[in-house]
Trainee: 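I'd like to ask some things about the structure below.
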Amino acid sequence: MTMIDTGYETAAAAEPEERDVPTASAPETLSIAAALTAALDDALAADDRVVVYGEDVGPLGGVFRVTDGLAAKWGPQRVWDSPLAESGIIGTAIGMAMAGMRPVVEMQFDAFSYPALEQVFSHVAKMRNRTRGRVELPLVIRIPYGGGIGGVEHHSDSSEAYWAHTPGLTVLTPSNAHDAYHQLRHAIDSQDPVIVFEPKRRYWTRGEVRRDEPGTDWNRARVLREGDDVVLLSYGPTVEVALRAAELGAEEGLSVEVIDLRSLSPFDDETVSASVRKCSRAAVIHEAAQFGGYGAEVAARVMQRNFHWLDAPVLRVTGFDIPYPSPKLEEFYLPTAERVLAALDTWEW
């Protein structure tokens with residue numbers, strides 16, 4: 001198995017993708033935000049049907065500067081600011097995609113997307129099925145999500161479970177710069193709607209990106225660190241938490257495997273089950289509240305497929321079942337490596 005540098009110590013590459021890539025070039029060290037910018041820029045150059053719009057994504061370059069410089073380079077016909085109306089953003093994107101364009105729209109913050117959910121659930125997710133495959137919707141919805149930035153209410157939600165629960169949507173979330181670039185390129189190339197959840201507190205995490213060497217099945221999980229005692233299932237902002245927990249666990253003699261799920265829907269049962277059957281114990285980590293959270297589905301799938309290999313119940317280390325707290329309290333709300341290890345200590349080993 002080939003190895004690539006994704007900003008973590010170990011990251012296994014999967015099979016090559018199908019999309020045509022340019023000739024070999026030197027790797028770049030980019031932040032996740034810069035990798036997303038590069039992906040948008042390259043997609044705009046590669047396909048005249050691609051347009052980018054949303055609130056403040058034009059001259060300002062987005063709240064997190066992910067679209068910085070794109071409006072100046074590509075002009076207002078390709079990159080522009082939308083009105084402050086998320087339902088309108090998605091509604092117009094639906095029409096554009098039906099007409100053959102490839103819109104990439106940004107929901108400025110996770111909880112800002114809620115006014116658009118009716119458009120997504122009723123139309124984006126159902127259009128291909130409703131028309132028996134005659135109408136495709138090649139559109140991408142980018143959503144900065146998660147906490148850790150000192151944001152107030154509506155700026156730090158982790159709403160991925162709503163979207164992943166909806167049939168007809170592909171839901172991806174990168175944890176490193178390499179995946180950020182290639183998952184977004186794949187999303188834009190897709191003939192179906194793709195939701196890309198971008199972990200906003202990791203925007204400035206830097207890593208190596210090879211634009212011409214994707215080396216990744218964007219819908220497959222990846223083992224970032226191998227271990228024998230327990231596997232931590234993480235994604236987006238919690239991958240770094242899982243890796244830190246593995247480091248701390250090693251100091252106590254615990255061998256911890258870490259998986260980056262990468263794709264929330266579809267879910268990679270094969271990779272996850274292989275690790276669970278090897279380690280016989282598993283825990284899933286996410287920032288959203290525990291009740292009805294994405295980890296509940298992961299735990300259920302792991303238990304259903306691997307019951308006879310498990311030595312203990314699947315654990316969930318998550319945010320608490322409360323609305324996201326004020327900035328002064330979010331450090332107590334978000335999962336930490338210490339909380340992960342404390343949860344593992346609740347098992348009878």
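Along the sequence shown, residues are numbered consecutively beginning with 1. Note: hydrogens, waters and symmetry copies are ignored here, and every other heavy atom, side chains too, is used.
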Trainee: How many angstroms lie between CD in E226 and OG in S275, if you round to the nearest 0.5 Å?
Mentor: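 If we round to the nearest 0.5 Å, E226:CD and S275:OG are 8.0 Å apart.
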Trainee: Which pair of non-hydrogen atoms, one from M98 and one from V135, has the smallest distance, and what is that distance?
Mentor: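 Taking every non-hydrogen atom into account, CG-CG1, 3.8 Å.
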Trainee: Partners of Y53 by ring-ring contact (aromatic ring centres under 6.0 Å, His included), sequence neighbours excluded?
Mentor: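 If we apply the ring-ring contact (aromatic ring centres under 6.0 Å, His included) test to Y53, skipping adjacent residues, the hits are W80.
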Trainee: Pick from K200, H154, H155: which one makes a side chain to side chain donor-acceptor pair (under 3.5 Å) with D110?
Mentor: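 Testing D110 for a side chain to side chain donor-acceptor pair (under 3.5 Å) against K200, H154, H155 leaves exactly one candidate, K200.
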Trainee: Are any of the side-chain heavy atoms of F267 and E297 separated by less than 4.5 Å?
Mentor: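 They are not in contact (no side-chain heavy atoms under 4.5 Å apart), so the answer is no.
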Trainee: Would R281 count as a cation-pi partner of W349, with NZ or CZ less than 6.0 Å from the six-membered ring centre and within 45° of the ring normal?
Mentor: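 Pair R281/W349 counts as cation-pi.
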Trainee: With a 4.0 Å cut-off, would you call R244 and E240 a salt bridge?
Mentor: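 Salt bridge: no.
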Trainee: So, for A125 and T166, which heavy atoms are closest and what is the spacing to 0.1 Å?
Mentor: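 Heavy atoms of A125 and T166 come nearest at CB-CG2, 3.6 Å.
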Trainee: Within a strict 4.5 Å, meaning less than it, do heavy atoms of the R49 and M96 side chains meet?
Mentor: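 They are not in side-chain contact.
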Trainee: When rounded to the nearest 0.5 angstrom, what is the spacing between CG in N129 and OG1 in T131?
Mentor: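 Answer rounded to 0.5 Å: 8.0 Å.
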Trainee: Can we say D260 and R222 salt-bridge, meaning some charged N sits less than 4.0 Å from an Asp/Glu carboxylate O?
Mentor: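 No, this pair does not count.
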Trainee: Can you list everything that forms a salt bridge (charged side-chain N to carboxylate O under 4.0 Å, His left out) with D229? Sequence neighbours excluded, please.
Mentor: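 Partners of D229 under the salt bridge (charged side-chain N to carboxylate O under 4.0 Å, His left out) test: none.
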Trainee: Residues in side-chain contact (heavy atoms from CB on, under 4.5 Å) with E331, at least two apart?
Mentor: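 Once residues adjacent in sequence are excluded, E331 has no partner under the side-chain contact (heavy atoms from CB on, under 4.5 Å) criterion.
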Trainee: Excluding sequence neighbours, so at least two apart, what forms side-chain contact (heavy atoms from CB on, under 4.5 Å) with A250?
Mentor: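 A250: side-chain contact (heavy atoms from CB on, under 4.5 Å) contacts with R225.
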Trainee: Mind checking ring-ring contact (aromatic ring centres under 6.0 Å, His included) for F64 and listing every partner two or more places apart, or none if nothing turns up?
Mentor: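 ring-ring contact (aromatic ring centres under 6.0 Å, His included) check on F64 returns F109, Y203.
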Trainee: Less than 4.5 Å apart, any side-chain heavy atom of V52 and any of L44?
Mentor: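 In short, these two side chains touch, coming nearer than 4.5 Å.
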Trainee: Please check if the side chain of R220 supplies one atom and the backbone of E270 the other of a donor-acceptor pair under 3.5 Å.
Mentor: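 Looks like no, no N/O pair under 3.5 Å.
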Trainee: May I ask you to decide if N176's main-chain N or O and R202's side chain share a donor-acceptor pair within less than 3.5 Å?
Mentor: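 Not at all, since once roles are kept as given, no pair shorter than 3.5 Å links the two residues.
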Trainee: So do I89 and E55 actually touch side chain to side chain, heavy atoms under 4.5 Å?
Mentor: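 They are in side-chain contact.
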Trainee: Looking at every non-hydrogen atom in both residues, tell me the closest pair between G227 and C279 and how far apart they are.
Mentor: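 It is O-SG, 3.6 Å.
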Trainee: Please tell me whether D41 and W74 have a donor and an acceptor in their side chains that are separated by less than 3.5 angstrom.
Mentor: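 Looking only at side-chain atoms, W74 and D41 do form a donor-acceptor pair, the distance falling under 3.5 Å.
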Trainee: Listed by chain and number, what are the ring-ring contact (aromatic ring centres under 6.0 Å, His included) partners of W309, not counting sequence neighbours?
Mentor: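 Applying ring-ring contact (aromatic ring centres under 6.0 Å, His included) to W309 gives none.
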Trainee: The criterion is salt bridge (charged side-chain N to carboxylate O under 4.0 Å, His left out); which residues satisfy it with R201, sequence neighbours excluded?
Mentor: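 In terms of salt bridge (charged side-chain N to carboxylate O under 4.0 Å, His left out), with neighbours along the sequence ignored, R201 is linked to E287.
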Trainee: Who are the side-chain contact (heavy atoms from CB on, under 4.5 Å) partners of S87, not counting sequence neighbours?
Mentor: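 side-chain contact (heavy atoms from CB on, under 4.5 Å) list for S87, sorted by chain: Q119.
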Trainee: Under 3.5 Å, is there a donor-acceptor pair between the side chain of N306 and the main chain of V276?
Mentor: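 Checking the backbone N and O of V276 against the side chain of N306, no donor-acceptor pair under 3.5 Å is found.
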Trainee: Which ILVMFWY residues are connected to I322, directly or by a chain of links, through side-chain heavy atoms under 4.5 Å apart?
Mentor: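 Direct or chained contacts put I322 with F320, Y324, Y333, L334.
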Trainee: Establish whether V57 and I188 are linked, either directly or via other cluster members, by ILVMFWY side-chain heavy-atom contacts under 4.5 Å.
Mentor: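 Looking at the clustering, I188 is in a separate group from V57.
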Trainee: Between A164 and Y294, which heavy-atom pair has the shortest distance, and what is it?
Mentor: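 Closest approach of A164 to Y294, heavy atoms only: CB-CE1, 4.0 Å.
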Trainee: Can a side-chain donor-acceptor contact be found between Y145 and T173 if the only test is distance below 3.5 angstrom?
Mentor: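 Result is yes, a qualifying pair exists.
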Trainee: For the CG atom of D42 and the OG1 atom of T37, what is their distance to the nearest 0.5 Å?
Mentor: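 Result: 10.5 Å between the selected atoms.
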Trainee: Keeping the roles fixed (side chain from N219, backbone from P266), state whether a donor-acceptor pair exists under 3.5 Å.
Mentor: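 The answer is no, because no donor-acceptor pair under 3.5 Å joins these two groups.
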Trainee: Kindly write out the residues that satisfy salt bridge (charged side-chain N to carboxylate O under 4.0 Å, His left out) with R65, not counting sequence neighbours, or none if the list is empty.
Mentor: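 Counting only residues at least two positions away or on another chain, R65 forms no salt bridge (charged side-chain N to carboxylate O under 4.0 Å, His left out).
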Trainee: L248 versus E251: any side-chain heavy-atom pair under 4.5 Å?
Mentor: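 Yes - at least one pair of side-chain heavy atoms lies under 4.5 Å apart.
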Trainee: Could you tell me whether the side chain of R102 and the main chain of S190 form a donor-acceptor pair under 3.5 Å?
Mentor: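 Side chain of R102 to backbone of S190: a pair is present.
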Trainee: Does D179 reach the main-chain N or O of P174 with its side chain, forming a donor-acceptor pair under 3.5 Å?
Mentor: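 Absent.
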Trainee: Any heavy-atom pair between the side chains of K73 and R78 that's under 4.5 Å?
Mentor: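 No, every pair of side-chain atoms sits at 4.5 Å or beyond.
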Trainee: So do the side chains of H186 and Q183 get within less than 4.5 Å of each other, counting heavy atoms only?
Mentor: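 Not in contact.
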Trainee: Say whether I259 and M303 are linked into one hydrophobic cluster, either directly or through other cluster members, by side-chain heavy-atom distances under 4.5 angstrom.
Mentor: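 Same cluster.
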Trainee: Once rounded to the nearest 0.5 Å, what's the spacing between atom CH2 of W163 and atom OG of S113?
Mentor: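 One finds 4.5 Å between CH2 of W163 and OG of S113.
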Trainee: Out of V272, V314, L233, which residue meets the side chain to side chain contact (heavy atoms under 4.5 Å, CB included) rule with V298?
Mentor: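 Filter result, single survivor: L233.
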Trainee: Looking at L344 and A283, what are the two nearest heavy atoms and their distance?
Mentor: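 Distance-wise, the nearest heavy atoms are CD2-CB, 4.1 Å.
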Trainee: Got a sec, which residues hit salt bridge (charged side-chain N to carboxylate O under 4.0 Å, His left out) with R305, two or more places apart in sequence or on another chain?
Mentor: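 In terms of salt bridge (charged side-chain N to carboxylate O under 4.0 Å, His left out), with neighbours along the sequence ignored, R305 is linked to D269.
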Trainee: Name all residues meeting the ring-ring contact (aromatic ring centres under 6.0 Å, His included) criterion together with W204; count only those two or more places apart in sequence or in a different chain, and write none if there are none.
Mentor: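 For W204, no residue satisfies ring-ring contact (aromatic ring centres under 6.0 Å, His included) once neighbours in sequence are set aside.
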Trainee: Restricting to non-hydrogen atoms, name the atom on S175 and the atom on V239 that form the minimum distance, rounded to 0.1 Å.
Mentor: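 Answer, listing the atom of S175 first, then V239: CB-CG2, 3.6 Å.
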Trainee: Quick check against the 3.5 Å criterion: does R128 have a side-chain atom that pairs as donor or acceptor with the backbone of D192?
Mentor: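 No, because the side chain of R128 does not come within donor-acceptor range (under 3.5 Å) of the backbone of D192.
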Trainee: Is V284 reachable from L264 through a run of hydrophobic residues whose side-chain heavy atoms are each under 4.5 Å from the next?
Mentor: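 Yes, it is one cluster - the side chains of L264 and V284 are joined through contacts under 4.5 Å.
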Trainee: Would you check if P199 and Y235 make a side-chain contact, meaning some heavy-atom pair closer than 4.5 Å?
Mentor: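 The answer is no; the side chains never approach within 4.5 Å.
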